Amino acid sequence: MLDPKLLRSDLPGVAAQLARRGFVLDIAGIAAIEEKRKAAQIEADRLRAERNANAKAVGAARAKGADSAALLVHGEALGARLKAVDVELEKLQAMMSDIQLGLPNILHASVPDGRDESANVELRRWGDPRQFAFPPLDHVALGERRGMDFEAAGRMSGARFVVMTGALARLHRALVHFMLDLHTGEHGYREAYVPYLVRAEALIGTGQLPKFEQDLFSVRGDPGFFLIATAEVPVTNLVRDQILNPESLPLKFAAHTPCFRSEAGAAGKDTRGMIRQHQFEKVELVHIVQPERSGDALEELTSHAEAVLKALELPYRVVALCAGDVSFSSAKTYDLEVWLPSQSRYREISSCSNCEAFQSRRMQARWRNPATGKPELVHTLNGSGVAVGRALVAILENFQEADGGVTIPQALRPYMGGLAKI
RNA sequence: GGAGAGGUGGCCGAGUGGUCGAAGGCGCGCCCCUGCUAAGGGCGUAUGGGUCAAAAGCCCAUCGAGGGUUCGAAUCCCUCCCUCUCCGCCA
C-alpha cells in the first residue's frame, strides 16, 4: 500500500509515478471521493465530540442530583444523526480502501523504463553456456528414463504436476538441503519453517490479495485458507504487527516451502515439462531491514541467490526488470535467469525484490527508530534462492553427457551420497 | 471433539457503565542529588486520523477483531480470532 498521506497531498505526483508501470490513476475520481470522505469525517468527528460532551454532562448532572432528561433526549438525537453520517463515512472509507489496496508500489528511480520484458536490462552474465558435441535433450527426455513421470501425476492430479522417483527425487531433495545449508551456513540466514495455508489477511499484507485472487488456490472448510504461492507470504508476515528493536535488524530468513499457483493466466504457456507447475518447491530468502538499508540489502540478497547458481556451476544472467515488468508489490526487482540448452535461452529461476514499505504498511511491521524514538515502517525484501524444480531442470540439461548420463555438480555430491553421475 | 480460564500501552499488570487513553511497576529519555561500582529523587515517555502554511493547541478513534445495547462501553450482550489448563483423540 502506498502512503495515504502521499495520496492525499500529491495525487498528480503519484499518478505520474504509477504511469511508469502503465497504470492509469483516476485522479479526478479519487479526489472527489477523498473530498467527500474528508467532509464526512469532519462532520462525524464533530458530532462525536458533541455526543461525548453531552454524555459527560449527563454524568455531571446525575452526580449533582440534577434533572438530566433534556440531555438524554438531546443525546438520542445526536446518536441518530451520527449513525447516518457514520454509514456514509464507512461507505466512502471502504471505497478509498479498495482503491488503495489496488494500487501497485511506486517504482524506485533506478528502474529502467519499458512496457514489458523485452525492455528489461541485462546487468551481467556469469558462466559460459556449454557447447554441446551432440544435440542436447530437454529435461523431459532426460528425466523420463530416471523416474520423472508426468503421466502418473496426470492420472491423479491432471496437468502441471509431476512425480519423481529414485535418483531424481533425491536430487530434488539434495538441492533443497544444499541451498538451505549455503544460506544458513555462509550467508547468515535463520532457517524458518512456516505454514503453507494462510488467511486472507496475510495475503493482503504481502500484496497477493485482493487483486490477484485468481492466481491462488484456496481450500474449502471453515475457516477458509489459501495455499501459499510463495514462502514470501508466511515469512514476511512473521513481522506483521510487530515493533522491532533496531538491534534485531536486519532479520534474514531462509525457508523451504512448496508453492501453489493456479497459473490461471498461463494457458498454453510452458505446457511441456517442469517449468511451470501448479505445485513446486522453492527456497525463499527474506530480509527485514531499516529503510535506508534496503537498497544495499537488495544487492546482497541477489548475490546470495547468485551464489547458489555459481556453486551449482549453472550459467546465468542478471536482469533489471523494467517499469512494466516489476510486480505489484515491488519497487525494484532483479531476475536471475539460468541457461537452458534445450531452449537456447535464459529462463527465470529467481526473482529478487525490494518492496520498501509497501508490504510493511499493509502489515504494520515497524521498528523503533532510535533517531526519532518513534515506530517507523521497516522495508521488506524477498527473493528466491532459488526455485528448486527449475534448478533441477537446469542441472539435467546443462550437465547431460553424450552417453545419456547426467553429471552431478560437485557441490551436490555430498547430498547425493557421493554419487557423481545419474 | 468435550469442559473451563483468559486476551489492556515497548513489557508486566490494575481496572465490571460516567471525571479511564487508562492506576502501579519495569524499561527507556532528560534533569537533580550522591559518589566508587550501588542507590535516591523529579519530570517525561502509545498509535492513527482531522483542523492549521507549520508548530502549539484543540477534536476524533484505538483496551484481540467485528457487530449490538446505552445519553455514555476497557467494563454489559452476540459472532469470530488467538492463548492457556484439564479430558479425549492423534502423526
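Below, read A as the first sequence line, B as the second, and so on, with proteins coming before strands; counting in each chain starts at 1. Treat the numbers as computed from the prediction; the structure is a model and nothing was measured.
Base pairing of B:G72 is not made with any nucleotide, judged by Watson-Crick or G-U wobble geometry with both donor-acceptor distances under 3.5 Å. In this entry B:U37 has no Watson-Crick or G-U wobble partner, no candidate having both defining distances under 3.5 Å. Using the Watson-Crick or G-U wobble rule with both distances under 3.5 Å, B:U62 pairs with B:A46. Base pairing analysis places B:A14 opposite nothing; no Watson-Crick or G-U wobble pair with both distances below 3.5 Å involves it. Partner assigned to B:G1 is B:C87, using Watson-Crick or G-U wobble distances below 3.5 angstrom. In this structure B:G6 sits in a base pair with B:C82, meeting the Watson-Crick or G-U test at under 3.5 Å. Pairing for B:C20 is absent, with no Watson-Crick or G-U wobble pair whose two atom distances lie under 3.5 Å. Base pairing of B:A56 is not made with any nucleotide, judged by Watson-Crick or G-U wobble geometry with both donor-acceptor distances under 3.5 Å.
Look at the P atom in both B:C80 and B:A3: the space between them is 14 Å, to the nearest Å. Taking atom P on both nucleotides, B:A55 is separated from B:A61 by 22 Å, rounded to a whole Å. The gap from the P atom of B:A22 to that of B:U62 amounts to 14 Å, rounded to the nearest Å. Going from the C1' atom of B:C76 to that of B:G15 covers 16 Å, rounded to whole Å. With P as the reference atom, B:G13 and B:G25 are 16 Å apart, rounded to whole Å. To the nearest whole angstrom, the two C1' atoms, one in B:C30 and one in B:G17, are 40 Å apart. Taking atom P on both B:C12 and B:G27, the two are 15 Å apart, rounded to the nearest angstrom. As rounded to the nearest Å, B:U8 and B:C71 have C1' atoms that lie 26 Å from one another.
With distances taken from any side-chain atom of A:Arg37 to the nucleotides B:A61, B:C71, B:G49, the minimum falls on B:G49. Here B:C60 is the nucleotide among B:C60, B:G50, B:U51 with the atom lying nearest to any side-chain atom of A:Ala49. Among B:G49, B:G10, B:C71, the nucleotide with an atom closest to any side-chain atom of A:Arg368 is B:G10. For A:Lys38, whose side chain is taken as the heavy atoms from C-beta onward, the closest listed nucleotide among B:G18, B:C81, B:U51 is B:U51. For A:Arg8, the side-chain atoms get nearest to B:G49 when compared with the rest of B:C71, B:G49, B:U19. Looking at the side chain of A:Arg199, the nearest of the listed nucleotides B:A73, B:U19, B:C82 is B:C82. The side chain of A:Pro375 has B:U47 as its nearest neighbour among B:A61, B:G50, B:U47.
Distances shorter than 4.0 Å separate none of the side-chain N or O atoms of A:Lys374 from OP1 or OP2 on B:U45.
In the model, A:Thr230 has a side-chain atom that pairs as donor or acceptor with a side-chain atom of A:Lys282 under 3.5 Å. No side-chain donor from either of A:Gln290 and A:Glu376 sits under 3.5 Å from a side-chain acceptor of the other. Side chains of A:Glu306 and A:Tyr316: a donor on one and an acceptor on the other come within 3.5 Å.
Following rounding to the nearest Å, A:Asp45 (CG) and B:U62 (P) show an atom-to-atom distance of 11 Å. In this structure, the CG atom of A:Asn245 is 11 Å from the C1' atom of B:C28, given to the nearest Å. Look at CG on A:Leu72: it is 14 Å from C1' on B:G17, rounded to the nearest Å. A:Gln364 has its CD atom 17 Å from the P atom of B:A46, to the nearest Å. Atom CG in A:Asp86 sits roughly 13 Å away from atom C1' in B:G67 (whole-Å rounding). What separates CG of A:Leu92 from C1' of B:G50 is a distance of 15 Å, to the nearest Å. Following rounding to the nearest Å, A:His74 (NE2) and B:G72 (C1') show an atom-to-atom distance of 13 Å. Going from atom CG of A:Leu6 over to atom P of B:G49 covers 13 Å, rounded to whole Å.
A:Glu201 has a carboxylate O that lies under 4.0 Å from a charged side-chain N of A:Arg199, or vice versa, which qualifies the two as a salt bridge. Salt-bridge check for A:Asp270 with A:Arg347: passed, with a basic side-chain N closer than 4.0 Å to an acidic carboxylate O. Between A:Arg261 and A:Glu263 there is no salt bridge, since no side-chain N of the basic residue sits under 4.0 Å from a carboxylate O of the acidic one.
Here the two rings, on A:Phe253 and A:His287, have centers that are 6.0 Å apart or farther.
Residue contacts for A:Asn52: at a heavy-atom cut-off of 4.0 Å it reaches the sugar-phosphate backbone alone, with no base atom in range.
By the 30° and 60° cut-offs, the orientation of the rings of A:His304 relative to A:His187 is parallel.
Each of A:Val58 and A:Glu90 was matched to the nucleotide of RNA chain B holding its nearest heavy atom; the match closer to the 5' end belongs to A:Glu90. Summary of the strand contacts: A:Ile42 and A:Ile243 both lie near RNA chain B, and taking for each the nucleotide with the nearest heavy atom, the more 5' one is attributed to A:Ile243.
Side chain A:Arg62 to base B:G18: a donor-acceptor pair is found below 3.5 Å.
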